[in-house]
Amino acid sequence: MIAESGTPADRQERRADTGKSSGETYRATLKQMRPGCTVDLVRPSDDGALPLSAKDIAAYDAVFITGSPLHVYEDSPVVDRQLAFMRAVFASGTPSFGSCAGLQVAVAAAGGKVRRMPERFEAGISRRITRTAQGRDHPLLAGRPAVWDASALHADEVERLPDNALVLAGNAITRVQAAEIRHDRGIFWGVQYHPELSLAEIAAALRRESDALVKADLARREGEVEEQADLYDALDCEPESRALQWRLGVDGELAIEERRRLEIANFLAAIPSLDRRA
């Protein structure tokens, strides 16, 4: 099951840029990584969406929580419905995974705290992500080097993890870049970055957020954002180009699709060991 957070307007805006909503991107990614798998896409935060119980969710092998512009610290029916769904996921004992807002939803549902990033904005590349002592041997990060870069776009971050949670990785911008949360009967693995996205989708996101990036002093003008987005598009077409990797200051951990998706692959491999429905 893929649970898409956000609103219908959020989804339509993203489709206009990339051709897919966040949930549709996740569905395409999973079907590419696991050909023949069956994937149901649900939107529990939508007005009128039928609530899914823990029993309903337990019928699935795993749940994926997508990114979105959702701010989980806001008091709104959209947020309330998304958090209620995540609590049902935990209650079901079904293994779950999330990226960006997906991590933040799990944190808030389990009793942690998310905030607006103070005077910061991580956009395009999350640089120098480093394992913590707790993340050094954690299976979510199996195969990652000691330090790596990942695709990212977020202005919110985890301020405080809930009880029974581990910080697995962080960087100088955001302390919690990867985490494990054990809550109720469930186990959640999540990252603040976006292993599910193509480089072209990151390029589209940068263009969409061009005004915000200039206001955050990450670019001096919108033309610079466009130049950066063009490099992402070029690297998407030529991921092994040393010249393009050099211009963006990245290596294969971000440029090569199989490496970029490593956390998702690790989660898929670990699902049987995380299942707590017995």
What's the shortest heavy-atom distance between Pro195 and Arg261, and which atoms?
O-CG, 3.3 Å
Hey, is the main chain of Asp17 close enough, under 3.5 Å, to the side chain of Arg208 for a donor-acceptor pair?
no
Counting N and O atoms only, with roles assigned by atom type, does the side chain of Arg260 sit under 3.5 Å from a partner on the main chain of Ser198, one being a donor and the other an acceptor?
no
Between Arg115, Arg175, Arg116, which is the residue that forms a side-chain hydrogen bond (donor to acceptor under 3.5 Å, both in side chains) with Glu157?
Arg115
Nearest 0.5 Å, what's the CG-CD distance between Asp149 and Gln245?
11.0 Å
What heavy-atom pair brings Ala179 and Leu103 nearest, and what distance separates the two atoms?
CB-CD1, 4.2 Å
Sequence neighbours excluded, every pair satisfying salt bridge (charged side-chain N to carboxylate O under 4.0 Å, His left out) that has a member inside residues 181-192:
Glu180-Arg182
Side-chain ion pair, Arg127 and Glu122, N-O less than 4.0 Å:
no
In Å, rounded to the nearest 0.5 Å, how long is the span from CG of Leu199 to CG of Leu231?
11.0 Å
Between Ser22 (side chain only) and Gly67 (backbone N and O only), is there a donor and an acceptor less than 3.5 Å apart?
yes
Any sub-3.5 Å donor-acceptor pair from His154's side-chain atoms to Asp156's backbone N or O?
yes
One thing to verify: whether Asp230 and Arg207 come together as a salt bridge, which I'm taking to mean a side-chain N less than 4.0 angstrom from a carboxylate O.
yes
In short, Gly6 meets Asp46 closest at the heavy-atom pair O-OD1, 3.9 Å
Heavy-atom pair of closest approach, residues Gln82 and Ser45:
OE1-CB, 3.1 Å
Are Val225 and Val250 linked, directly or through other ILVMFWY residues, by side chains that come within less than 4.5 angstrom of each other?
yes
Whether the Gln192 and Gln104 side chains hold a donor-acceptor pair (N or O, under 3.5 Å, no angle test) is what I'd like checked.
yes
N/O donor-acceptor pair under 3.5 Å between Thr130 side chain and Val147 backbone
no
Nearest non-hydrogen partners of Glu196 and Thr29, listed with the distance
O-OG1, 3.1 Å
Minimal non-hydrogen separation, Ala123 against Leu153, with atom names:
CB-CD1, 3.5 Å
Measure from the side-chain N and O atoms of Asp56 to the backbone N and O of Ser53, and report whether any donor-acceptor pair falls under 3.5 Å.
yes
Is the side chain of Glu224 donor-acceptor paired with the backbone N or O of Arg220 at a distance under 3.5 Å, no angle test?
yes
Salt bridge present between Arg144 and Glu263 (N-O < 4.0 angstrom):
yes
Among Ile, Leu, Val, Met, Phe, Trp and Tyr joined by side-chain contacts under 4.5 Å, find the other residues sharing a cluster with Leu41 and list them by chain and number.
Ile2, Tyr26, Leu30, Met33, Val39, Phe64, Phe97, Ile129, Leu140, Leu141, Trp148, Leu166, Leu168, Ile187, Trp189, Val191, Tyr193, Ile264, Phe267, Leu268, Ile271, Leu274
Main-chain N/O of Gln177 paired with Thr174 side-chain donor or acceptor, under 3.5 Å:
no
Counting only heavy atoms not in Lys215, do more than 12 fall under 6.0 Å of its NZ?
no
Where at least one partner belongs to residues 70-85, residue pairs that pass salt bridge (charged side-chain N to carboxylate O under 4.0 Å, His left out), sequence neighbours excluded:
none
Within a 6.0 Å radius of atom CZ on Arg221, are there more than 12 heavy atoms belonging to other residues, nucleotides or ligands?
yes
Flag the pair Gln32 / Glu257 as yes when at least one side-chain heavy-atom distance between them is below 4.5 Å, and no otherwise.
yes
So, taking the atom named CZ in Phe90 and the one named CZ in Arg87, what distance separates them when rounded to the nearest 0.5 Å?
10.0 Å
CG of Asp233 to CD of Glu226, rounded to nearest 0.5 Å, is 8.0 Å
Does a salt bridge link Asp61 with Arg34, judged by any charged N lying under 4.0 Å from a carboxylate O?
no
